[in-house]
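Here the structure is laid out as structure tokens; the discussion comes afterwards.
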Number of protein chains: 2
Amino acid sequence: MTLTKNTFIGEYSYSLDSKGRINMPAKFRQALSKDNKNTFVTTRGMDACIWVYSLNQWLEIEKSLMSLSSLSKIHRTFVRNTARYATPSTYDKQGRITIPPSLIDYASLDKDVLIIGMVNKMEIWNTKNLEKAEKEALEIDLAAYDELAEKITI
Amino acid sequence: MTLTKNTFIGEYSYSLDSKGRINMPAKFRQALSKDNKNTFVTTRGMDACIWVYSLNQWLEIEKSLMSLSSLSKIHRTFVRNTARYATPSTYDKQGRITIPPSLIDYASLDKDVLIIGMVNKMEIWNTKNLEKAEKEALEIDLAAYDELAEKITI
DNA sequence: TAAGATTGTGGGTAGTTGTGGGTAATATCA
DNA sequence: TGATATTACCCACAACTACCCACAATCTTA
């Protein structure tokens with residue numbers, strides 16, 4: 001069952017094969033609307049993982065980037081680092097995309113890989129690295145959650 | 001007789017079968033409005049149980065998550081931990097949903113299972129675990145209820 | 001109370017999904 | 001240009017899931 005178009009939730013464990021391919025969760029593929037042309041866009045995440053957008057979602061980001069002015073140094077840097085590592089990738093008949101070697105390296109991907117739905121994108125993690133990151137996350141100052149409590153009710 | 005749309009109250013005892021399915025109380029199914037598409041969303045609860053939302057209720061949460069920015073580390077962590085364990089599940093002709101193995105493990109579900117209405121969601125417990133948790137709850141400092149008294153009239 | 005409808009539980013099966021590997025087309029480089 | 005590496009596309013198969021039917025227990029209603 002798919003919720004909203006182009007949104008992703010849930011956790012899925014897959015394996016990166018010898019050819020650098022990773023399966024995309026069937027549910028995520030089904031969540032894509034047709035104008036995404038079976039294509040995802042991979043790029044560096046802000047944590048040690050790969051971010052994967054639907055084509056449409058990425059086009060939205062491109063639009064935002066265009067609104068930044070190259071007169072500002074910080075804007076130039078931000079646009080450069082965001083656009084630089086982005087790679088569109090169409091999945092094959094079995095539903096796999098090929099991950100560029102530089103991204104495999106960046107996220108230290110090994111055989112065991114975890115894909116996590118982040119609503120408007122997904123993340124690809126080395127399973128072991130994520131466990132480490134999660135432990136650190138627990139050490140985050142809980143007071144920081146107060147800010148969130150004002151925005152979100154669960 | 002159903003009270004309000006999309007709200008759940010009461011306690012029901014069911015069994016988890018060998019295929020990981022649990023029946024949803026008929027009353028809860030009837031409480032769903034049509035645009036829920038016979039779908040619930042399961043995820044980790046804050047206690048050792050599974051939380052089950054109606055599709056609509058979950059979509060509200062998704063909306064909140066989308067308002068958070070991935071530039072903030074704490075926001076990323078929160079979105080990840082919230083979206084990660086969520087799984088939409090449409091009930092079959094008999095009214096059962098399939099619980100993902102990871103959640104069965106998280107809540108230590110056994111054959112005997114208790115479903116509890118929590119108004120805007122429900123909880124699925126291992127019957128024995130709930131008894132234990134209940135005993136501990138009795139030991140809560142009753143002074144803590146003072147805080148609640150300011151928010152709630154019963 | 002009896003007949004019918006609804007509810008909860010078990011299990012079979014066809015279709016889907018994830019993974020490995022082969023081969024032909026394309027790109028790279030000396 | 002020709003040898004080599006890389007990529008895109010194809011097939012095969014095991015494991016899993018969604019969907020279907022059956023039936024006993026319970027509830028409803030006349």
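In what follows, chains are A, B, ... by sequence order, proteins preceding strands, each numbered from 1. Note that the structure is predicted; figures quoted are calculated from it, not measured.
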Just compare [options] and give me whichever is closest to any side-chain atom of [X].
X     : options                : answer
A:Y14 : C:dG8, C:dT19, D:dC20  : C:dT19
A:Q30 : D:dC10, C:dT17, D:dC20 : C:dT17
B:Q94 : C:dG22, D:dC21, C:dG8  : D:dC21
B:D17 : D:dA18, D:dC10, C:dG10 : C:dG10
A:R21 : D:dC11, C:dG22, C:dG10 : C:dG22

So, does the side chain of B:R96 form a donor-acceptor pair with the base of C:dG10 at under 3.5 Å? yes
Is B:S15 touching bases, backbone alone, or none of the nucleic acid, heavy atoms closer than 4.0 Å? sugar-phosphate
Base, sugar-phosphate, or nothing: which does A:K111 touch, judged by heavy atoms less than 4.0 Å apart? sugar-phosphate
For the side chain of B:Y53 and the backbone of B:L59, is there at least one donor-acceptor N/O pair under 3.5 Å apart? no
Residue met sooner reading DNA chain D from 5', once B:T98 and B:K93 are mapped to nucleotides: B:T98
Just say parallel, tilted or perpendicular for the rings of B:F8 and B:F28, cut-offs at 30° and 60°. tilted
Taking the inter-plane angle between the rings of B:Y12 and B:Y14 on a 0 to 90° scale, is it parallel (under 30°), tilted (30 to 60°) or perpendicular (over 60°)? parallel
I want to confirm an ordering. Mapping B:D92 and A:A26 to their closest nucleotides on DNA chain C, which one lands closer to the 5' end? B:D92
Closest to the 5' end of DNA chain C, once A:G95 and B:P25 are matched to their nearest nucleotides, is B:P25
Does a side-chain N or O of B:R29 approach OP1 or OP2 of C:dT6 to a distance below 4.0 Å, or not? no
Taking 4.0 angstrom as the limit, do B:K63 and B:E60 come out as a salt bridge? yes
